[in-house]
**Q** 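Sharing a structure with you now.
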Amino acid sequence: MSNIELICTYCHRVEVPNSKSLLCPSCRQVLIIKYPYQLIKERIDKKSFELGKGGIWKYFELLPIFDKSNIVSLGEGGTFLHRCKRLSDELKIKQILLKNETTNPTGAFTDRGVSVAISKAKEFGFYSVCCGTTGNIGASLAAYAAKAGLDCTIFIPSTVDLGKLYQMIAYGSKVEPAKDYDEARIKAERFAGSSFLIDPNNPYFLEGIKTTGYEICEQLGWRVPDKIIVPMGSGGHISMIWKAIKELFELGFLKDFNVELIGVQFEEAAPIATSFLNGKDYVEGTNRISKFLGDIGIKEPSLGSLAIRTLKESGGTAVILSYKEILEAMSLLAKTEGVFAEPAAASTIAGVKKLIERGSIDKDEEIVCVITGSGLKDPITARSFVGKVKSVDAIIRKMEEHKFTIKLGLTKMRILSLIHDSELHGYKIWKELSKRFNVNIKIPSVYQHLSELERAGLITRTHTERVLGKPSRWYYSLTAKGKRVLDTWKG
Ligand SMILES: [Zn+2]
């Protein structure tokens, strides 16, 4: 849709779309896109959406891309809205529904936003994109940049979830380390210029993630539920779902928008929820960041004040949760509904539970929980469940040893197999490597491998042998760990 304007969320300055204005030029606050709703109303109706193919692009008239040929899509959106009988029974409530965003192309709702923002990068004529991220948005960006053939540079803090990091690397983006999220964000802002910055504040990204709100209403037959529960990191998703609902009302697609938006945060870093619960209109930053849950543990959420406005306007509230509550919800959700959510996503279920306990949810209400991302993105948290199952723990340990052997490399595995046959010294190992495996490396390299294997606890020195006129030679043998690693390698 063309004829759009960007409005500053703070000073209300109006901008026309251009490749430079991603934040307000006056006050550096977030810009939100406004459409000519009267004009759009004449062009579309509910039927045109219902007949459209699945995914976010059926709402093209309400997205900020001018030319359809610029669309970069991997099939994002159109995710299921599950009715949860078993989970509802478990929580003794009439109706919980899940908006299951784990089935997006990279496993998270951020695909919606990145699809739109990358399409806009193409429309503006950029050849490269960048961002500073705690995770999901980076994984999405890497995938869509690959699809669009754009260069991609991502700055990441050390708290990034491993699964997301693997995705970024696999999709071929350049990954640059940063101390924390703030440094990652600043580095990305400095890098931007000839590269299009796609972060949680990018107005085109925000337009993409609002489609979660369109779909919930459409899937309910063009009406709103009683409550929608959303994890809050930067505060963008919840704010944009609210924007989507108000837009549908303005377009005449909804009779009312009586829905409470409820935001959940993790107690380690909950600046939006804390500020809201303290009656503030703006977010007071926190010095604490989450070591566990990067995506919802942001110190200074850029859309926090907009999120607080959303909670207030919709008559909703915020809930702060402990790590234990979130982990229990992850397990409950997976076991009752077959949906494996990442901790940030499962926090919505923990939020429902807490609100029921407090008597803040009526048992007859219809609640939609937005499950923002897949549990596979955070293998370390996922691993914590396995520890409780003894038989599985053994399998996982074996797999981890197998992974370890891949990391060790072939030469080291060959050295282990030589030492396994008999105790050997470095010079003999060097000769045998050449003779038996045709591995011709220099002697110092052999000693380098031996010292690394020794440090990894896979081999140990047994005794020395004196050779006339030369320094004495150390003999090496396998440790129990070395033998296990070798056995795993041999299968
Ligand atoms: Zn402004």
Side-chain angles (χ1 to χ4, degrees), residues 1-37 62-66 110 113-114 116-117 120-121 123-124 126 129-133 137 181-210 213 230 232-247 250 261 263 271-272 274-276 278-286 298-314:
M1 175 72 205
S2 53
N3 295 339
I4 58 171
E5 289 175 326
L6 290 91
I7 318 272
C8 174
T9 50
Y10 185 73
C11 74
H12 307 295
R13 175 177 164 149
V14 180
E15 283 286 300
V16 288
N18 67 81
S19 63
K20 298 268 180 298
S21 297
L22 294 180
L23 290 175
C24 172
S26 305
C27 66
R28 309 298 298 159
Q29 294 298 310
V30 175
L31 296 166
I32 294 289
I33 293 173
K34 201 177 158 210
Y35 298 80
Y37 296 107
L62 289 161
L63 291 172
I65 303 300
F66 302 157
T110 43
V114 169
V116 174
K120 200 66 197 176
E123 196 152 85
F124 281 140
F126 283 95
V129 290
C130 65
C131 77
T133 176
I137 194 169
Y181 173 62
D182 285 339
E183 193 186 279
R185 195 173 46 79
I186 291 163
K187 280 186 167 176
E189 280 166 14
R190 280 195 201 130
F191 185 84
S194 59
S195 183
F196 193 56
L197 177 64
I198 299 180
D199 66 1
N201 303 335
N202 179 300
Y204 308 99
F205 171 80
L206 289 170
E207 281 303 294
I209 60 175
K210 79 175 175 183
V230 191
M232 295 191 294
S234 67
H237 203 192
I238 194 167
S239 307
M240 297 314 290
I241 289 173
W242 183 232
K243 178 183 190 253
I245 289 168
K246 287 192 292 183
E247 284 179 340
E250 183 148 1
L261 273 288
I272 305 176
T274 308
S275 303
F276 171 81
N278 288 337
K280 299 274 192 298
D281 286 329
Y282 55 90
V283 171
E284 291 177 326
T286 167
I298 292 172
K299 262 203 294 194
E300 286 175 20
S302 46
L303 291 116
S305 300
L306 201 61
I308 289 181
R309 212 186 298 166
T310 295
L311 301 179
K312 286 192 173 171
E313 277 180 16
S314 71

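Whatever order the structure lists them in is the order used to number ligands and atoms, beginning at 1. Each residue takes its place number in the sequence, starting with 1.
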**Q** With W242 as reference, evaluate E313, H237, E247 under the side chain to side chain donor-acceptor pair (under 3.5 Å) test and give the passing residue.
**A** E313
**Q** Report yes if the side chains of P25 and E15 come closer than 4.5 Å at any heavy-atom pair, otherwise no.
**A** yes
**Q** Counting only heavy atoms not in K34, do more than 12 sit closer than 6.0 Å to its NZ atom?
**A** no
**Q** Evaluate the side-chain proximity of C24 to C11: yes if any heavy-atom separation is below 4.5 Å, no if none is.
**A** yes
**Q** How many protein atoms of type N/O/S are positioned less than 2.8 Å from the Zn ion (ligand 1)?
**A** 4
**Q** State, yes or no, whether a side-chain contact exists between T110 and F205 at a heavy-atom distance under 4.5 Å.
**A** yes
**Q** Does N18 use its side chain to pair, donor to acceptor, with the backbone of V16 at less than 3.5 Å?
**A** yes
